[in-house]
Structures are given as structure tokens and as C-alpha cells.
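FYI, side chains are in, hydrogens and waters are out, and symmetry mates aren't considered; it's all heavy atoms of this structure. Quick caveat: nothing in here was measured; it's all calculated off a predicted structure.
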Amino acid sequence: MRFVQSWSFFMKQYNRLLVNGCSFVAGGHLGDFGENYGNTHFLMSLQDKLNCKYKSDFWSNKSYNIAKAGKSNDYICRTMTYWLFNNQDKIKDTLFIIGLTELSRIEYYDVVGTRYRTYYPEVENDDYWKRLFSSSLTGEEGLKFIEKLYKYTFDNTIRANELYLQLSLIQDYICHRGGELVLFSSLCTEFNHKEKFNYFEFQNHDTWNDWAIDKSGGNTRPDKISMDQYLSPTAHPGPKANKELSNMLYNYIKNGFK
């Protein structure tokens, strides 16, 4: 079990806060409704609470928020590794926060489109499959392909263990370089070995998604965005969910990751 320092009398001063994840952390669904809503993203207020030396300005053009909508844990680990490799001089005194997404999302490299893409099951949308496979598959063909692929290659336990190993290496490198890593779950319910990490858990809920839905009184999408809603019209965490997550994370960090 990793030693976690207790900060009874002081809290570490962080230079910056960097976050990664899927759409829940990317926060674009807040920014879509305007900068005022975008600025309710938990990154914005948490960096103020932590009095970070370098602060993001509306996510600072992805400098401090490298999350991306629809992406996988594969994406999270790959982009975290790239960032760490390319910014070794910035790791010290940086707090990294990762919101884990669904295990069933899998990243692959599209050799025709020359870019990384992510696929996941049960998407009945022709445009989705055309985008993923360069117009070579229809929606029906794409579903059949994914059904066979997952049937013969996908296992939740193996995927969870692989994620644990990847994050362990990332955490060790961050800590060795003088930074700190915090994990929480946006959508992932199968992650193991939480005790090996600074893992923030939502009281009585496995994920931020479940917590926000419960706080909202159900998963019905509101018709309009407002500052006092836990869900946005896109069914993602709304302004109030982000504000409360910021408070909960701050208290978790302040109390020595407890």
C-alpha cells in the first residue's frame, strides 16, 4: 500500500492542476452554453481553492484540461504518458486528477485516417461507424463487427487489471518527479485496487454520473441549463455538480487524501 502523507497542519502548494478523462472531465458540454457556465467546471474553482501558481483560463486551450469527449481509459493513459514525457520539468508540484471512464471504450489507431479513434458497443448510428472506419461500414455492419470483437476479445476483469497496471506506472513516475495523482470515477464501476491510489469516492455512489443523477432526482435531462442544476441538457454533470465536486475534492486533498 502506498504511503500517503498526512497534512494535519499544512497543505502542499501546487504549481498547477491538470485534469484528464472523458466528456465528464472535458467539460465542453458546459462550455457549449457559454463561458460563464464553462467557468463552473471543477478545475476552475479547485485551482483557486488550492491557490495554484499557474491557473487555467477557461481550460487554457487544453493546456491544463487534456480530457476529451467520447474517449477511453486507453486515451487517458496514452495522453497522460505523452504529457509527462514532454513536460518533465512541469511535473514537480503539479496535481493530476483523472476521472476514469467506461472500460468498454477501446482506443485504436486508424491507419486510413491517421489518427487515434475510440469505439464502444451498442452505437446504432451510421455516421458514427462511417467516421470510425472511413465510410467502409454501415451502422448494421459496424454493430455486427463490434459484437464479434467484444465477444472474443473483451473481458472486464482483464481490462480492469490492465488499467490498474498502467495507472500504477503513471502514478509512480508522477510521484518520483514530485507530483501527485488523484483518481475518481466518472463512469467506471469495475476499477480494482483503489487502496493503492489517492482514490476519491462519492459517498454511496460508484461514479460521478450516478451521484449527479441521484442529486438531480433522476436522469431526466433538463430543458435548459442553469447554475443550480446537477445535470445539463446533455445529461452530463451540470454547474452545481461541478461546484460540489470541486468542494469535495478540495476537502479530500486538504485532509491528506482521506
Does this structure show an ion pair linking [X] with [Y], if we count only N-O contacts that are shorter than 4.0 Å?
{"X": "Asp110", "Y": "Arg117", "value": "yes"}
{"X": "Lys151", "Y": "Glu147", "value": "no"}
{"X": "Lys196", "Y": "Asp172", "value": "no"}

Between side-chain atoms of residues 23-34 and protein atoms elsewhere (two or more places apart, or another chain), which donor-acceptor pairs fall under 3.5 Å?
residue: Ser23; atom: OG; partner: His236; partner atom: NE2; Å: 2.8

Taking the side chain as every heavy atom from C-beta outward, state whether [X] and [Y] have any pair of such atoms under 4.5 Å apart.
{"X": "Pro237", "Y": "Leu245", "answer": "no"}
{"X": "Tyr54", "Y": "Gln47", "answer": "no"}
{"X": "Leu100", "Y": "Phe184", "answer": "no"}

Practice item. Check the pair Asp89 / Arg177 against salt bridge (Lys or Arg N to Asp or Glu O under 4.0 Å), numbers first and verdict last. Key: CA-CA 9 Å; Asp89 60 329; Arg177 291 276 180 169; over 6 Å; no
Revision key, fill the gap. For Tyr37 and Pro239 the tightest heavy-atom approach is CD2-CG, 3.7 Å
Exercise for review: Fit a plane to each ring of Phe202 and Trp208, take the angle between them on a 0 to 90° scale, and name the class: parallel (under 30°), tilted (30 to 60°) or perpendicular (over 60°).
Suggested key: parallel
Check your understanding: Does Tyr108 have its ring centroid less than 6.0 Å away from the ring centroid of Tyr119?
Key -> yes
Practice item. Establish, yes or no, whether a centroid distance under 6.0 Å links the rings of Tyr252 and Tyr199. Key: no
**Study point:** Atom pair SG/CG of Cys188 and Leu103 - distance to nearest 0.5 Å
**Key:** 4.0 Å
Revision key, fill the gap. Sorted by chain and residue number, the salt bridge (Lys or Arg N to Asp or Glu O under 4.0 Å) partners of Arg105 (sequence neighbours excluded) come out as Glu102
Exercise for review: Report yes or no: do Asp228 and Ser226 form a side-chain donor-acceptor pair below 3.5 Å?
Suggested key: yes
**Study point:** Side-chain donor-acceptor pair present, Asn20, Lys68, cut-off under 3.5 Å
**Key:** no
Practice item. Check step by step if side chain to side chain donor-acceptor pair (under 3.5 Å) holds for Lys49 and Ser246. Key: CA-CA 9 Å; Lys49 294 182 179 75; Ser246 173; 2.8 Å; yes
Review point. Does the salt bridge (Lys or Arg N to Asp or Glu O under 4.0 Å) test come out yes or no for Glu201 and Lys194, once each step is laid out?
Key: CA-CA 9 Å; Glu201 297 193 69; Lys194 296 176 183 178; 3.4 Å; yes
Practice item. For the pair Glu180 and Asn198, evaluate side chain to side chain donor-acceptor pair (under 3.5 Å) and give the outcome as yes or no after the intermediate values. Key: CA-CA 9 Å; Glu180 195 67 74; Asn198 294 323; 2.9 Å; yes
Review point. Should Asp210 and Thr207 be marked as a side chain to side chain donor-acceptor pair (under 3.5 Å) after you check the CA-CA gap, both sets of side-chain angles, and the distance that decides it?
Key: CA-CA 5 Å; Asp210 293 339; Thr207 68; 3.2 Å; yes
Sequence neighbours excluded and cut-off under 3.5 Å, please list the side-chain donor-acceptor pairs for residues 214-225, or say none.
residue: Asp214; atom: OD2; partner: His205; partner atom: NE2; Å: 2.9

